[in-house]
Amino acid sequence: MFETLIKFFNFCDAENRRKFHGSIIVGIFNSLFMALRIGAVAVMLRGVIATAMDGQPFETQTIWLSLAIMCVSVLGGIITRKVTAMWQCEGGYRTCAKKRIEIAEHLRYLPMGYFNSNSLGEITSVTTNTMEAVGDVATRAVMMVFQGLLDTALIIVMLCFFDWRIALVALAGFGLFEFVNFFMRFAVKNISAVKIRDDAAEIGKVLEYIQGISEVKAYNLVGKRSRELNAVIDRRKKTLVKMEMRCIPVSNLQSLVAKLSGVAMMLASIYFFLGGSMTLADCSTMLVCSFMLFNALEAGGNYSALLRTIDIGVSKASAILELPTMDIDGKGYVGKDIAREGITAQSVEFAYDRKKIINNISLTIPAGTTTAIVGPSGGGKTTFCHLLARFWDVDSGKVTLGGTDVRDWSMDGLMQNYSFVFQNVYLFHDTIANNIRFGEPNAPMEKVIAAAKKACCHEFISALPKGYDTVIGESGASLSGGERQRISIARAIMKDSPIIILDEATANVDPENERDLMAAVAELTREKTVIMIAHRLKTVRNADQIVVIDKGRIAEKGRHEELVARGGIYARFIDSRREAVSWKL
């Protein structure tokens with residue numbers, strides 16, 4: 001139990017760790033105030049019994065003393081409980097909020113291979129379900145479990161001042177309670193890991209189902225026919241039921257032990273009183289205490305089964321934060337001026353897992369030129385462009401920007417030099433204006449509109465109900481493909497990086513949008529270094545150099561006329577495109 005709490009405290013940042021440590025100290029005072037109730041009861045009972053047994057007049061000051069002690073206990077308990085609750089809530093929720101941001105920042109600098117080999121559901125589950133559970137459970141578990149232990153311990157200590165024998169009975173009950181509680185934590189040890197695993201699986205399947213909703217509708221994969229999704233949901237339901245069924249019997253046994261310990265205190269007190277070794281006042285006080293002692297402990301004990309969730313959640317989050325990142329600091333090179341010297345790939349090789357994707361590619365891309373990269377699907381075109389922008393680190397060889405190895409740049413400094421327009425555009429659930437100023441969050445509205453006009457999207461944005469303040473759906477679902485592309489180009493224009501990478505940016509554009517999109521691309525790439533992956537003849541034929549990549553190697557390189565004259569892969573590619581364009585029904 002204490003190992004888990006210490007593990008969680010170490011997981012917290014320094015500021016929130018101090019809140020938890022402070023809440024524990026204040027919690028000790030809270031327990032002292034709670035224990036004062038015994039004193040208030042003892043004062044009143046002794047006064048009443050002395051009056052009844054000895055015929056002494058009942059003194060009013062006894063009432064006032066008992067009331068004063070009880071008021072101090074209640075008011076002190078309220079204040080200290082509020083402070084501990086606030087500090088623990090703030091510490092728990094703020095820790096999880098900061099860890100989510102920390103995980104997001106850490107993921108930025110992981111190699112892209114991590115996202116290829118790990119389930120999106122697993123990553124999403126850690127940052128949502130797992131961290132939510134840690135925030136909720138940690139706050140309650142720390143508050144209830146630790147406070148229950150403190151309250152019980154201090155009440156047992158106070159019992160020693162009345163009768164050490166009853167204190168020993170209470171201590172034995174406390175030990176037996178903790179023994180049963182250990183079995184409760186042991187009972188959920190393995191099932192907690194299974195629950196978190198099933199949480200991740202369910203999120204992954206739901207995401208997959210939603211992202212592929214068009215295929216789901218097309219093939220009628222709904223209701224009972226969506227077997228995989230249903231199976232994952234059913235498995236998680238069974239896991240949750242299994243967890244509850246494991247906890248309930250032990251929880252009931254734990255509650256029974258607490259109640260029987262109180263009964264044992266009552267019987268012992270009566271036995272000692274009848275034997276003449278305990279006064280009636282002390283016996284009466286112990287009878288009242290037997291009802292008070294295990295209330296807090298029993299409540300905390302029920303929450304202690306959730307400590308395993310904290311343990312696993314902290315481990316999962318820590319595992320992501322401990323993943324080795326790419327060297328993001330380098331030698332601190334920043335800025336955009338150096339990109340004017342061009343990009344060079346020297347004997348670059350790269351393999352994903354054991355499959356070699358890029359095999360000994362060397363290429364120079366002068367600044368201010370346009371390089372078109374073409375070739376068969378799966379040949380390594382996109383991977384090569386990702387290596388140029390350091391989405392991955394090369395296995396051997398090197399990529400230089402302005403004569404400097406890209407691994408020597410700071411990652412943020414390097415990214416200042418690149419803008420990207422991908423075939424599949426991702427827009428965020430936010431206003432159009434904020435999506436455009438994504439690369440420059442503080443840009444004034446005038447600059448946003450200027451970028452939109454250059455990207456040929458000002459007209460359709462202005463026609464929307466709220467113009468630039470229109471909130472678009474996640475991934476831009478409320479816009480057409482061409483509109484999303486032009487907004488992504490406006491975003492790239494806003495960033496104004498010296499190097500532009502276009503990955504099939506015009507592949508799926510309808511004829512109505514093509515003219516505007518090509519004009520937007522022309523505005524974006526003006527006086528820039530352009531690297532484009534494209535299949536359209538009109539897109540690649542005017543490039544300064546065309547590079548044909550096949551099976552991870554450069555198969556051909558040159559200008560359009562040269563490559564057509566050679567009659568190789570590129571010439572066959574051009575012929576097939578011409579045939580496709582001329583084909584008519």
For [X] and [Y], indicate whether the former's side chain and the latter's backbone hold a donor-acceptor pair under 3.5 Å.
X	Y	value
R437	M494	no
T529	T369	no
E90	K19	no
Q545	P366	no
K466	V471	no

Non-neighbouring partners of F460 that pass ring-ring contact (aromatic ring centres under 6.0 Å, His included), sequence neighbours left out: none

For H106, ring-ring contact (aromatic ring centres under 6.0 Å, His included) partners two or more places apart: none

Listed once per pair and sorted, the side-chain hydrogen bond (donor to acceptor under 3.5 Å, both in side chains) pairs that draw on residues 450-459, sequence neighbours left out: H458-S462, H458-Y468

So which heavy atom on [X] is nearest to which on [Y], and how close?
X	Y	value
A490	C457	CB-SG, 4.1 Å
G91	F20	C-CE1, 3.5 Å
A372	A543	CB-CB, 3.8 Å
E556	Y570	OE1-N, 3.1 Å
Q416	S497	O-OG, 2.9 Å

Using side chain to side chain contact (heavy atoms under 4.5 Å, CB included) as the criterion, list what pairs up with [X], not counting sequence neighbours.
X	value
E562	R559, R566
T95	F11, C12, D13, N16, K99
S362	S347
A555	V548, D550, I569

Non-neighbouring partners of T344 that pass side-chain hydrogen bond (donor to acceptor under 3.5 Å, both in side chains), sequence neighbours left out: none

Any residue meeting side-chain hydrogen bond (donor to acceptor under 3.5 Å, both in side chains) with N359, in chain and number order, not counting sequence neighbours: none

Got a second to check how far [X]'s [atom1] is from [Y]'s [atom2], nearest 0.5 Å?
X	Y	atom1	atom2	value
D469	N434	CG	CG	8.5 Å
I432	L464	CD1	CG	5.0 Å
I358	I554	CD1	CD1	9.0 Å
I373	I549	CD1	CD1	5.0 Å
I500	L502	CD1	CG	7.0 Å
D503	T382	CG	OG1	4.0 Å

Steps toward side chain to side chain contact (heavy atoms under 4.5 Å, CB included) verdict (I103, L321): CA-CA 6 Å; I103 289 172; L321 292 171; 3.8 Å; yes

Verdict with reasoning, I531 to I343, per side chain to side chain contact (heavy atoms under 4.5 Å, CB included): CA-CA 10 Å; I531 305 166; I343 308 169; 3.9 Å; yes

All pairs passing salt bridge (charged side-chain N to carboxylate O under 4.0 Å, His left out) where residues 355-375 contributes a residue, at least two apart: E349-K356

Criterion side chain to side chain contact (heavy atoms under 4.5 Å, CB included) on F350 and V394, from CA distance to verdict: CA-CA 5 Å; F350 176 78; V394 299; 5.5 Å; no

Tell me, do [X] and [Y] make a side-chain contact under 4.5 Å, heavy atoms counted?
X	Y	value
L388	I499	no
W409	M415	no
I436	I487	yes
M532	T370	yes

Test salt bridge (Lys or Arg N to Asp or Glu O under 4.0 Å) applied to K557 - qualifying residues, sequence neighbours left out: none

Sequence-distant partners of R100, salt bridge (Lys or Arg N to Asp or Glu O under 4.0 Å), two or more places apart: E132

Worked verdict on F391 versus F420 for ring pair (Phe, Tyr, Trp, His ring centres under 6.0 Å): CA-CA 12 Å; F391 281 17; F420 305 88; 5.2 Å; yes

Exceeds 12 heavy-atom contacts within 6.0 angstrom, atom NZ of K98: yes

W392 and H386 aromatic ring geometry - parallel, tilted or perpendicular at 30°/60° bounds: tilted

Donor-acceptor pair between R491 and N435 side chains, under 3.5 angstrom: yes

Criterion side chain to side chain contact (heavy atoms under 4.5 Å, CB included) on T470 and I461, from CA distance to verdict: CA-CA 8 Å; T470 300; I461 293 174; over 6 Å; no

